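Some notes on the structure that comes next.
Just so you know, these numbers come straight off a predicted model, no measurement behind them. Only this structure's heavy atoms are used, side chains among them; waters, hydrogens and symmetry mates stay out.
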Amino acid sequence: VQLQASGGGLVQTGGSLRLSCAASQFTLDYHAIGWFRQAPGKEREGLSCISGSVGSGTYTEYYTESVKGRLTISRDNAKRKVYLQMSSLKPEDTAVYYCATYTACPGPNSDSMFPPGAWGRGTLVTVSS
């Protein structure tokens, strides 16, 4: 399993970024993939998760409360990629962002994500004030 995040950079408060996660050496279609971030001196924070296919190309999405409404997760299995569109960025969003495999995505009423399985190199997002 190999995953690599990209697309980070420096952006001003209120700006947007789209992160990409490239998957290799495993079949992406049936895996739940999610994003977490880690800021210096802080614990890992799960952000969002998209399920493997639940039939007819349908997927379920999960967002933690702190990012709901500002992040959108999507996937393109043909390109072996998962995306995280981020908008209305704030300085507190500054962190290294990672994509990872997950056993499953949480249910809609859950307030946290499961621990990540495998992940690769992250991408740094810096939001200036």
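Of the possible donor and acceptor atoms, none in the side chain of Asn77 sits under 3.5 Å from a partner among the backbone N and O of Arg80. Distance alone, capped at 3.5 Å, places no donor-acceptor pair between the Thr94 side chain and the Thr126 backbone. In this structure, Ser129 contributes its side chain and Pro91 its backbone to no donor-acceptor pair below 3.5 Å. Looking only at distances, a side-chain donor or acceptor of Ser87 sits under 3.5 Å from a matching main-chain atom of Arg70. Although no hydrogens or angles enter the test, the distance criterion places a donor-acceptor pair under 3.5 Å between the side chain of Thr13 and the main chain of Ser128.
The closest side-chain heavy-atom distance from Thr64 to Asp111 is not below 4.5 Å. Proximity of Phe114 to Thr103: side-chain heavy atoms (C-beta onward) are nowhere separated by under 4.5 Å. In this structure, Gln85 and Leu17 have side chains that are not in contact, with every pair of non-hydrogen atoms separated by 4.5 Å or more.
With rounding to the nearest 0.5 angstrom, the SG atom of Cys21 is 12.5 Å from the CG atom of Asp76. In this structure, CZ in Arg18 is found 13.5 Å from CG in Leu71, a value given to the nearest 0.5 Å. The distance from atom NZ of Lys68 to atom CD of Glu61, rounded to the nearest 0.5 Å, is 11.5 Å. Between the OH atom of Tyr98 and the CH2 atom of Trp35 there is a distance of 12.0 Å, given to the nearest 0.5 Å. In this structure, CE in Met113 is found 6.5 Å from SG in Cys105, a value given to the nearest 0.5 Å. Atoms CD1 and CG, from Ile33 and Leu84 in turn, are 13.0 Å apart once rounded to the nearest 0.5 Å.
Under the 4.5 Å side-chain heavy-atom criterion for Ile, Leu, Val, Met, Phe, Trp and Tyr, Tyr59 and Val67 are members of the same hydrophobic cluster. Note: the hydrophobic cluster containing Trp119 does not contain Leu19 (ILVMFWY, side chain heavy atoms under 4.5 Å, direct or indirect links). Cluster membership for Ile50 and Phe36, using ILVMFWY side-chain heavy atoms within less than 4.5 angstrom, is not shared.
Heavy-atom contacts from other residues, nucleotides or ligands closer than 6.0 Å to NZ of Lys79 number 12 or fewer.
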- Could you give me the CA-CA distance, side-chain angles and deciding distance for Arg121 and Leu3, then say whether side chain to side chain contact (heavy atoms under 4.5 Å, CB included) is met? CA-CA 7 Å; Arg121 190 172 65 189; Leu3 295 164; over 6 Å; no
- Could you give me the CA-CA distance, side-chain angles and deciding distance for Thr72 and Tyr83, then say whether side chain to side chain contact (heavy atoms under 4.5 Å, CB included) is met? CA-CA 8 Å; Thr72 303; Tyr83 303 99; over 6 Å; no
Side-chain donor-acceptor distances from residues 38-49 under 3.5 Å, at least two apart:
| residue | atom | partner | partner atom | Å |
| --- | --- | --- | --- | --- |
| Gln38 | NE2 | Lys42 | O | 3.2 |
| Glu45 | OE1 | Arg37 | NE | 2.8 |
| Glu45 | OE1 | Arg37 | NH2 | 3.1 |
| Glu45 | OE2 | Ser66 | OG | 3.1 |
| Ser48 | OG | Tyr62 | O | 3.0 |

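Across all non-hydrogen atoms, the minimal contact from Ala100 to Pro116 is CB-CB, 3.7 Å. Closest of all the heavy-atom pairs between Val125 and Met86 is CG2-CE, 3.9 Å.
In this view, Tyr102 satisfies the side-chain hydrogen bond (donor to acceptor under 3.5 Å, both in side chains) rule with no residue, not counting sequence neighbours.
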